[in-house]
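Chain A is the first sequence line, chain B the second, and so forth, proteins listed ahead of strands; every chain is numbered from 1. Just so we're clear, the structure is a prediction, and the values are computed from it rather than from any experiment.
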Protein chains: 2
Amino acid sequence: MNLSKSEEQLMQVLWRKEKAFMKNLIEAYPDPKPAQTTIATLLKRMQDKNFVDYKQHGRSREYFPLIEKKDYFTKQFNGILKNFFNDSASQFASFFTKETNLSKEELEELKKLIDKEIKTK
Amino acid sequence: MNLSKSEEQLMQVLWRKEKAFMKNLIEAYPDPKPAQTTIATLLKRMQDKNFVDYKQHGRSREYFPLIEKKDYFTKQFNGILKNFFNDSASQFASFFTKETNLSKEELEELKKLIDKEIKTK
DNA sequence: GATTAACCTCTACAAATGTAGAATAATTAT
DNA sequence: ATAATTATTCTACATTTGTAGAGGTTAATC
């Protein structure tokens, strides 16, 4: 089961805050803020999909994500890799290197990272 | 306007084939193949969204994509970058390098690419 | 103790999506 | 020609998504 667009957006808020009460969630939205009930609906659906849970705190709930952003992203990314790059990460990497306009400095930085990574293999 | 999941899937077929008649499109699907009318509906919607057009060939149509896979991907990817990596390509790159399990060889290969890219700057 | 604020559940409803039958037209094979 | 195949359009319908009102509960405030 996957998150829909607006659920994902709410998830991003939750990841940023790590945990939050209803009020905090709504605050995080830019104007025009969504109705409370809208957020409540999304949260409920996300609970059904097992992406979110909460801790009862007195009268209200403190919501928190059940999946780490990193893991969620990785899953999404792998789907993309499969569809667009024939499941080949290196094919993607080559595309990425050419098409993203990283600055010279960023590229140098990246090279260092790769070197470090190579050493761990 | 964006493609939905199953529209995107059909788009992938079209990109692979470059252009195709209804029949060819359906052939490309694994069993159980979708009904012709299903594909027809998707194609129509994709035309409305300006992702697909066709050339009339006698009685039937030869469909073709109006957007290149590369461009479509880039647009999608940029959205992801924004949401997950704070719009920072290099932040993504670092994540990618660590989390994707590229082989030593692939990493070396990638390093070479980056070097080449650096030279163009 | 009545009023207000926060928040939860239920219900609703329009738009988008996934999927396809019915009807129709044209095309080809028998 | 007649039947069988293929494609197209229209219509349909269930599900998912985006968004929120109404109504009820609890907690804090005046």
Self-check item: Phosphate contact (C:dT19 OP1 or OP2) by B:Tyr29 side-chain N/O below 4.0 Å
Solution: no
Self-check item: Heavy-atom pair with the smallest gap, counting every atom of A:Pro34 and A:Ile39
Solution: CG-CD1, 3.7 Å
Quiz item: At under 4.0 Å, does any side-chain N or O of B:Arg61 touch on OP1 or OP2 of D:dT8?
Solution: yes
Quiz prompt | Sugar-phosphate only, base, or nothing, as touched by A:Tyr54 at under 4.0 Å among non-hydrogen atoms | solution = nothing
Self-check item: Sequence-distant partners of B:Ser60, side chain to side chain contact (heavy atoms under 4.5 Å, CB included), two or more places apart
Solution: B:Phe21
Quiz item: Starting at CG of A:Asn2 and ending at P of C:dT17, how long is that distance when rounded to a whole Å?
Solution: 15 Å
Quiz item: Given atom NZ of B:Lys23 and atom P of D:dT5, what is their separation to the nearest angstrom?
Solution: 12 Å
Exercise. Take the angle between the ring planes of A:Phe73 and B:Phe84 and call it parallel below 30°, perpendicular above 60°, tilted in between.
Key: tilted
Self-check item: N/O (side chain, A:Lys49) to phosphate O (OP1/OP2, D:dT17) under 4.0 Å
Solution: yes
Exercise. Give me the ring orientation class for A:Phe92 and A:Phe77: parallel if the planes are under 30° apart, tilted from 30 to 60°, perpendicular past 60°.
Key: perpendicular
Self-check item: Salt-bridge contact B:Glu7-B:Arg45 (side-chain N to carboxylate O under 4.0 Å)
Solution: no
Self-check item: Interatomic distance where NZ belongs to A:Lys44 and C1' belongs to D:dG18 [whole Å]
Solution: 16 Å
Quiz item: Under 4.0 Å: is that the gap between some side-chain N or O of A:Ser4 and OP1 or OP2 of D:dG18?
Solution: yes
Quiz item: Nearest-Å distance, CG (A:Leu43) to P (C:dC10)?
Solution: 15 Å
Self-check item: Whole-Å gap separating P (C:dA6) and CD (A:Glu62)
Solution: 18 Å
Practice problem: Measure the distance from CG on A:Leu42 to P on C:dC10 and round it to the nearest whole Å. | Solution: 17 Å
Practice problem: Send over the distance from A:Gln56 CD to D:dT25 C1', rounded to a whole Å. | Solution: 12 Å
Quiz item: Atom CD of B:Glu7 and atom C1' of C:dA15: how far apart are they, to the nearest Å?
Solution: 14 Å
Practice problem: For residues A:Leu3 and A:Gln9, determine if any side-chain heavy atom of one lies less than 4.5 Å from a side-chain heavy atom of the other. | Solution: no
Quiz item: What nucleotide, of D:dA7, C:dG18, D:dG18, holds the atom closest to the side chain of B:Met22?
Solution: D:dA7
Quiz prompt | Polar side chain donor-acceptor pair, A:Tyr54 to A:Gln47, under 3.5 angstrom | solution = no
Quiz item: DNA chain D: A:Met1 or B:Phe21, which has the more 5' nearest nucleotide?
Solution: B:Phe21
Quiz item: Considering only C:dT9, D:dT8, D:dT19, which nucleotide approaches the side chain of B:Ser60 most closely?
Solution: D:dT8
Practice problem: Flag the pair A:Ile118 / B:Glu108 as yes when at least one side-chain heavy-atom distance between them is below 4.5 Å, and no otherwise. | Solution: yes
Quiz item: Are the side chains of B:Leu113 and A:Phe95 in touch, meaning some heavy atoms are under 4.5 Å apart?
Solution: no
Quiz item: Under a 4.0 Å heavy-atom cut-off, which of residues 33-40 of chain A touch DNA chain D?
Solution: A:Pro34, A:Ala35, A:Thr37, A:Thr38
Self-check item: Co-membership, hydrophobic cluster, residues B:Phe51 and B:Phe64, 4.5 Å side-chain
Solution: no
Quiz item: Name the stems that DNA chain C belongs to, where each is three or more consecutive Watson-Crick or G-U pairs with both distances under 3.5 Å?
Solution: C:1-30 with D:1-30
